[in-house]
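Single-structure report; data block below.
Values below: every heavy atom of this structure, side chains too, minus hydrogens, waters and symmetry copies.
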Amino acid sequence: QVQLVEFGGGLVQTGGSLRLSCAVSGRIFSSLAMAWFRQAPGKEREIVAAIKRDGISEFYAASVKGRFTISRDNAKNSVYLQMNNLKAEDTAVYHCAGNVDWYGRPLLGPYDYWGQGTPVTVSS
């Protein structure tokens, strides 16, 4: 069974930074594409960023491009989301997700494995 556990959420002021981590177990991590999603209160879940198993191909939502960076460390079975210049509209519960990757599979999903989420609150 694949388990994903997120770390690093919290309260930060506008303009601040946070780094989220997601530890994956139960599956060969290097075979997975990974993504970060978020869901704000009263809104639908949206994809924030994603990265192919090769660690080269990436996707970013327009709202976070230039501020967020996704990365992975296959030796540590982990994926990260560095969030800089945070805004109030970034407030949400952030989930990491994974799926078995293959050539041509789209980064937008669908994703099969999900973490429980970590809350991020950006205060002005």
Side-chain angles (χ1 to χ4, degrees):
Q1 184 168 347
V2 181
Q3 290 188 318
L4 288 72
V5 181
E6 300 95 338
F7 303 93
L11 175 65
V12 63
Q13 289 188 329
T14 301
S17 297
L18 278 176
R19 187 188 192 218
L20 305 183
S21 302
C22 173
V24 180
S25 61
R27 183 95 194 193
I28 299 176
F29 180 74
S30 59
S31 70
L32 301 178
M34 299 298 299
W36 288 94
F37 287 75
R38 69 185 180 188
Q39 187 164 20
K43 294 187 177 182
E44 292 188 356
R45 186 174 62 195
E46 62 174 347
I47 188 168
V48 174
I51 187 166
K52 297 280 276 182
R53 63 178 178 173
D54 62 9
I56 298 174
S57 300
E58 299 174 352
F59 166 83
Y60 293 95
S63 58
V64 306
K65 194 172 291 185
R67 300 189 296 122
F68 291 11
T69 303
I70 189 170
S71 61
R72 63 188 297 154
D73 186 338
N74 287 351
K76 295 183 178 180
N77 291 351
S78 294
V79 62
Y80 308 98
L81 186 68
Q82 178 67 43
M83 305 186 294
N84 297 329
N85 190 21
L86 283 160
K87 305 176 181 180
E89 52 264 41
D90 295 319
T91 294
V93 176
Y94 285 72
H95 299 264
C96 71
N99 63 15
V100 178
D101 195 15
W102 59 74
Y103 180 78
R105 186 169 192 176
L107 275 172
L108 293 179
Y111 284 82
D112 302 313
Y113 311 118
W114 293 86
Q116 291 297 311
T118 185
V120 172
T121 302
V122 185
S123 65
S124 57

Next item on the list: Report the relative orientation of the aromatic rings in Phe37 and Tyr111; use parallel for angles under 30°, tilted for 30 to 60°, perpendicular for over 60°.
Entry: perpendicular
Checklist line | Where Ala50 and Ala35 come nearest, the two heavy atoms and their spacing | finding: CB-CB, 3.7 Å
Next item on the list: Evaluate the side chain to side chain contact (heavy atoms under 4.5 Å, CB included) criterion for residues Asn99 and Leu32: first the C-alpha distance (whole Å), next the side-chain angles of each, then the deciding distance (0.1 Å), finally the verdict.
Entry: CA-CA 5 Å; Asn99 63 15; Leu32 301 178; 5.9 Å; no
Margin query: Distance check, rounded to the nearest 0.5 Å: Arg72 atom CZ versus Asn77 atom CG?
Written below: 9.5 Å
Margin query: Using only atom types and a distance under 3.5 Å, with no angle test, would you say the side chain of Glu6 pairs donor to acceptor with the backbone of Cys96?
Written below: yes
Check: Are more than 12 heavy atoms from other residues, nucleotides or ligands located less than 6.0 Å from atom CD of Glu89?
Finding: yes
Notebook entry, point to check: For the residue pair Tyr94 and Phe68, does the interplanar ring angle fall in the parallel (under 30°), tilted (30 to 60°) or perpendicular (over 60°) class?
Noted result: tilted
Next item on the list: Output the distance between atom OH (Tyr80) and atom CZ (Phe7), rounded to the nearest 0.5 Å.
Entry: 10.5 Å
Margin query: To the closest 0.5 Å, what do you measure between CD1 (Ile47) and NE2 (His95)?
Written below: 13.0 Å
Checklist line | Working for side chain to side chain contact (heavy atoms under 4.5 Å, CB included), residues Asp112 and Val2 | finding: CA-CA 10 Å; Asp112 302 313; Val2 181; over 6 Å; no
Next item on the list: Go through the steps to decide whether Leu107 and Lys52 satisfy the test side chain to side chain contact (heavy atoms under 4.5 Å, CB included), and finish with yes or no.
Entry: CA-CA 7 Å; Leu107 275 172; Lys52 297 280 276 182; 3.5 Å; yes
Notebook entry, point to check: Once you round to the nearest 0.5 Å, how far does OG of Ser124 lie from NZ of Lys87?
Noted result: 14.0 Å
Check: Hey, quick one: are Ile51 and Tyr113 part of the same hydrophobic cluster, counting side-chain heavy atoms closer than 4.5 Å, chains of contacts allowed?
Finding: yes
Item checked: Heavy-atom pair with the smallest gap, counting every atom of Ser78 and Ala23 -> OG-CA, 4.0 Å
Notebook entry, point to check: Would a 4.5 Å heavy-atom cut-off, applied to side chains only, mark Phe59 and Pro106 as touching?
Noted result: no
Checklist line | Arg67 versus Leu86, closest heavy-atom pair with distance | finding: NH1-CA, 3.9 Å
Next item on the list: Rounded to the nearest 0.5 Å, what's the gap from CG on Leu81 to OG on Ser71? Could you check?
Entry: 8.5 Å
Next item on the list: Compare every heavy atom of Glu46 with every heavy atom of Arg38, then report the nearest pair and how far apart it is.
Entry: NE-OE2, 2.7 Å
Check: Side chains of Val48 and Met83: closer than 4.5 Å at any heavy-atom pair?
Finding: no
Margin query: Would you say CD of Gln116 has more than 12 non-hydrogen atoms from neighbouring residues, nucleotides or ligands within 6.0 angstrom?
Written below: no
Margin query: Atom CD1 of residue position Ile28 - does it have more than 12 heavy atoms of other residues, nucleotides or ligands inside 6.0 Å?
Written below: no
Item checked: Taking every non-hydrogen atom, the tightest pair across Ala33 and Asp101 -> N-CB, 3.6 Å
Notebook entry, point to check: Looking only at heavy atoms, what is the nearest atom pair of Met34 and Ile70, with distance?
Noted result: O-CD1, 4.0 Å
Note to self: Please determine whether residues Leu18 and Val93 belong to a single hydrophobic cluster, defined as Ile, Leu, Val, Met, Phe, Trp and Tyr linked transitively by side-chain heavy-atom distances below 4.5 Å.
What the structure shows: no
